[in-house]
Amino acid sequence: MLRFFNTLTRKKEVFETIEDKIVKMYTCGPTVYDFAHIGNLRAYIFEDILHRFLEYSGWTVKRVMNITDIDDKTIAGAKKDGVSLNRFTEKYINAFFEDIRKLRIKIDNIIFSRATEHVPEMVSIIKILMEKGYAYKKENSIYFRISAFPGYGKLSHLDFSEIKTGASVDADEYEKESARDFVLWKGEKDDFSWDTEIGRGRPGWHIECSAMGMKYLGETFDMHTGGVDNIFPHHENEIAQCEMATGKPFVRYWLHCEHLLVNGEKMSKSKGNFYTLHSLLEKGADPVAIRYLLMTTHYRDPLNFTEKSLVQAKNTVDRWNDFYKRIKDARPDVKKNDSISKECIKAENTFREALEDDLNVSKALAGIFELMHFVNNSIAENNISHENLNEAGNLLEKVDYVLQILKPSGETIEPEILGLIEEREQARKTGDFSSADKIRNILREKGIILEDTPSGPRWKKTG
RNA sequence: GGCCAGGUAGCCAAGCGGCAAGGCAGCGGUCUGCAAAAUCGCUAUUCACCGGUUCAAUUCCGGUCCUGGCCUCCA
């Protein structure tokens, strides 16, 4: 039984979808005005684990991720570079896909929808809101009338009766009836405009997610995710405009991912603690270790990113892969040990039940670590069969559909390296250990680590 | 100021009324020609602090301190 913490009710709730075993989910994606930082990437990894686990559990996932390629920042960037909007955002869209590919975030079975390709859909929602009297036009811009929506604030749990029109609130350059009203459509100010039935201009910030979500998932859908900072105003406003346009509930479950800190502080460019995936990889970080680190803290807890914790993550990922390679390489000649099968089932149950409980990744991993411990012990005691190893290997591969931390197996090795390994083995056999150690050091410099086992030497690559 | 999340060993991190999971790092033993890997053992009388409820609290209640977030365009 799947349970998730719903921001709307502030409670963990049993997850029940509109259609049985089908999840319609909308996940907030990037605004493509800059390279993604690791805080953004944490959110995408959270969404990836969620998506993959749902599929692992037998659900059909219908998912949309937006790419916001029109807003103040993208326009400012395009102006600054003196290029078209598309030309400007293309660079960051490509970088985004490159980043998520490296972090093994899935891209198949997801509709990536671009705001600039859905302007007509946005316009039609705005038209409906105007017809119903929930939106008004002022100086060529169109605003949503918040006083028309009694449920305003139900997601963020903010009390708007107290909000005052002050310096920070009334910062908008446009005229509106109430400081709280938000803009649906911005009247033409520059070249970045569309000609539409509601005038020439461009969409406001919140309308694109509403339009794209409802276009692909329907007027009411199951799940919407994003970072906690999106709760207000972005998601609150999405609810307001959708529910007033359709008269139906917009989204059933809202899931939000906490922020990431770096060395206990908010990440910011001025503090010099701003990490992008690119900058970490340049320092030699392993993208799989980054993925592991970003997923092991529960998504609703703040995650403190440090370089030390990244080293720890790297060691853990290496151990995980060592174990996988070990059970692939072992060639035991023993009859089947039923206790291994039982441990595999136990580990899988722990894994599944932990993730079903609001994605408790740490607990899920602990279940697999316990299995590793048990299997390693059995290998040491020579009490595990080939069949048992297959069971453990299959389980590891199965959970890795969600985790994505196993390195691809079937690494190849050059013939000359293989020759060196054989040469060293001959030296060892004749007792010439100084030659053997010399060759082992040469191999180490080439990135090959040797392990002598009863059935001969075993090699692995570093890094 | 209002609202929200969090503070568990050197570090990361579960648990959330009944003797404190797991991982990384460290130390000692086994194995090994030496390593590596693996393995065994050790590493929190204590869960930010102070009160309260209870037979029993890291877990519930009240207060305090610290960290971070939101309160109109930042995942």
Side-chain angles (χ1 to χ4, degrees), chain A residues 7 10 27-31 34 36-47 68 71-73 153 156-160 162-164 166 168-172 179-183 204-206 225-234 236-237 256-261 264-268 292-293 296-298 300-306 308-320 322-323 325-326 350 354 360-370 372-373 375-377 379-381 428 431-434 436-437 440-441 444 449-454 457-460:
Chain A
T7 308
R10 296 267 161 92
T27 48
C28 270
T31 300
D34 199 355
H37 61 249
I38 51 172
N40 303 122
L41 296 169
R42 181 197 188 185
Y44 306 145
I45 285 175
F46 150 62
E47 289 159 355
T68 297
D71 81 320
D72 289 352
K73 285 180 181 151
S156 54
H157 299 89
L158 291 173
D159 179 4
F160 291 93
E162 295 290 317
I163 214 165
K164 294 185 206 79
S168 67
V169 173
D170 200 13
D172 207 288
R180 285 149 52 197
D181 290 349
F182 60 90
V183 67
W205 176 33
H206 318 292
T225 72
V228 285
D229 54 330
N230 276 152
I231 296 172
F232 189 85
H234 187 49
E236 193 71 63
N237 290 351
H256 292 96
C257 171
E258 255 299 335
H259 273 256
L260 173 147
L261 305 174
E265 293 185 304
K266 188 178 182 179
M267 181 163 52
S268 72
Y292 183 85
L293 178 58
T296 36
T297 299
H298 186 91
R300 283 192 291 114
D301 285 337
L303 186 160
N304 187 21
F305 183 95
T306 63
K308 184 176 178 179
S309 58
L310 185 56
V311 171
Q312 292 182 180
K314 167 71 177 153
N315 288 338
T316 309
V317 165
D318 283 351
R319 192 191 150 199
W320 197 283
D322 273 349
F323 174 77
K325 194 166 190 318
R326 190 165 188 235
T350 302
N360 190 336
V361 177
S362 301
K363 200 173 178 182
L365 291 170
I368 306 301
F369 278 114
E370 270 160 22
M372 286 185 189
H373 186 73
V375 169
N376 275 328
N377 241 318
I379 293 173
E381 288 164 3
R428 280 188 74 219
D432 181 5
F433 295 118
S434 71
D437 289 351
R440 185 167 63 191
N441 286 336
R444 182 186 293 274
I449 290 178
L450 289 186
E451 290 171 16
D452 296 322
T453 75
R458 198 161 88 78
W459 59 268
K460 68 179 179 192

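Here is the naming used below: chain letters follow the sequence lines, and residue numbers restart at 1 for every chain. Every heavy atom of this structure was used, including side-chain atoms; hydrogens, water molecules and symmetry mates were not.
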- Quick check: does any side chain N or O of A:N304 sit under 3.5 Å from a backbone N or O of A:G264, one acting as donor and the other as acceptor? yes
- Could you walk me through whether A:H259 and A:V228 pass the side-chain contact (heavy atoms from CB on, under 4.5 Å) test, one step at a time? CA-CA 7 Å; A:H259 273 256; A:V228 285; 3.1 Å; yes
- Query: A:H298 near the nucleic acid: base, sugar-phosphate alone, or nothing, with a heavy-atom cut-off under 4.0 Å?
  - Reply: sugar-phosphate
- Message: Tell me whether the side-chain N/O atoms of A:T316 come closer than 4.0 Å to OP1 or OP2 in B:C24.
- Response: no
- Message: If stacking means aromatic ring centre less than 5.5 angstrom from the base's six-membered ring centre, planes under 30°, is A:F369 stacked on B:G22?
- Response: no
- Hey, does the side chain of A:N315 come within less than 4.0 Å of B:C24's phosphate (OP1/OP2), counting only N and O? no
- Message: Under 4.0 Å, heavy atoms only, any strand: does A:E370 hit a base, just the sugar-phosphate, or nothing?
- Response: sugar-phosphate
- Query: Would you say the side chain of A:R440 and the base of B:C34 hold a donor-acceptor pair, judged only by whether the two atoms sit under 3.5 Å apart?
  - Reply: yes
- Hunt down the Watson-Crick or G-U wobble partner of B:C3, both distances under 3.5 Å, from any strand shown, or write none. B:G69
- Report which part of the nucleic acid A:G226 touches: base, sugar-phosphate, or nothing (heavy-atom distance under 4.0 Å, all strands). sugar-phosphate
- Message: Whether the side chain of A:R428 and the base of B:G33 hold a donor-acceptor pair under 3.5 Å is what I'd like checked.
- Response: yes
- Message: Counting only side-chain nitrogens and oxygens, does A:N360 get under 4.0 Å of the OP1 or OP2 atom of B:A21?
- Response: no
- Query: So which nucleotide does B:A21 pair with, by the Watson-Crick or G-U wobble rule with both distances under 3.5 Å?
  - Reply: none
- Query: Does the side-chain contact (heavy atoms from CB on, under 4.5 Å) test come out yes or no for A:D452 and A:R428, once each step is laid out?
  - Reply: CA-CA 10 Å; A:D452 296 322; A:R428 280 188 74 219; 3.3 Å; yes
- Message: Can you see if the side chain of A:N376 gets near the phosphate of B:U39 - specifically, an N or O under 4.0 Å from OP1 or OP2?
- Response: yes
- Query: Looking only at heavy atoms, what is the nearest atom pair of A:H206 and A:N237, with distance?
  - Reply: NE2-ND2, 2.9 Å
- Task: Side chain of A:L261 only, please: which of B:G68, B:C11, B:A14 is the nearest?
- Result: B:G68
- Query: Of the nucleotides B:G10, B:A38, B:C34, which one has an atom closest to the side chain of A:K308?
  - Reply: B:G10
- Query: At under 4.0 Å, does any side-chain N or O of A:N304 touch on OP1 or OP2 of B:U67?
  - Reply: no
- Message: Does A:Q312 contact B:C11 through a side-chain donor or acceptor facing the base, at a distance under 3.5 Å?
- Response: yes
- pair_partner(B:C42), Watson-Crick or wobble, both distances < 3.5 Å, evaluates to B:G26
- N or O in side chain of A:K325 less than 4.0 angstrom from B:A37 OP1/OP2: no
- A:R326 side-chain N/O to B:A38 phosphate OP1/OP2 under 4.0 Å: no
- Query: Starting at the 5' end of RNA chain B, which residue's closest nucleotide do you reach first, A:G264 or A:N377?
  - Reply: A:N377
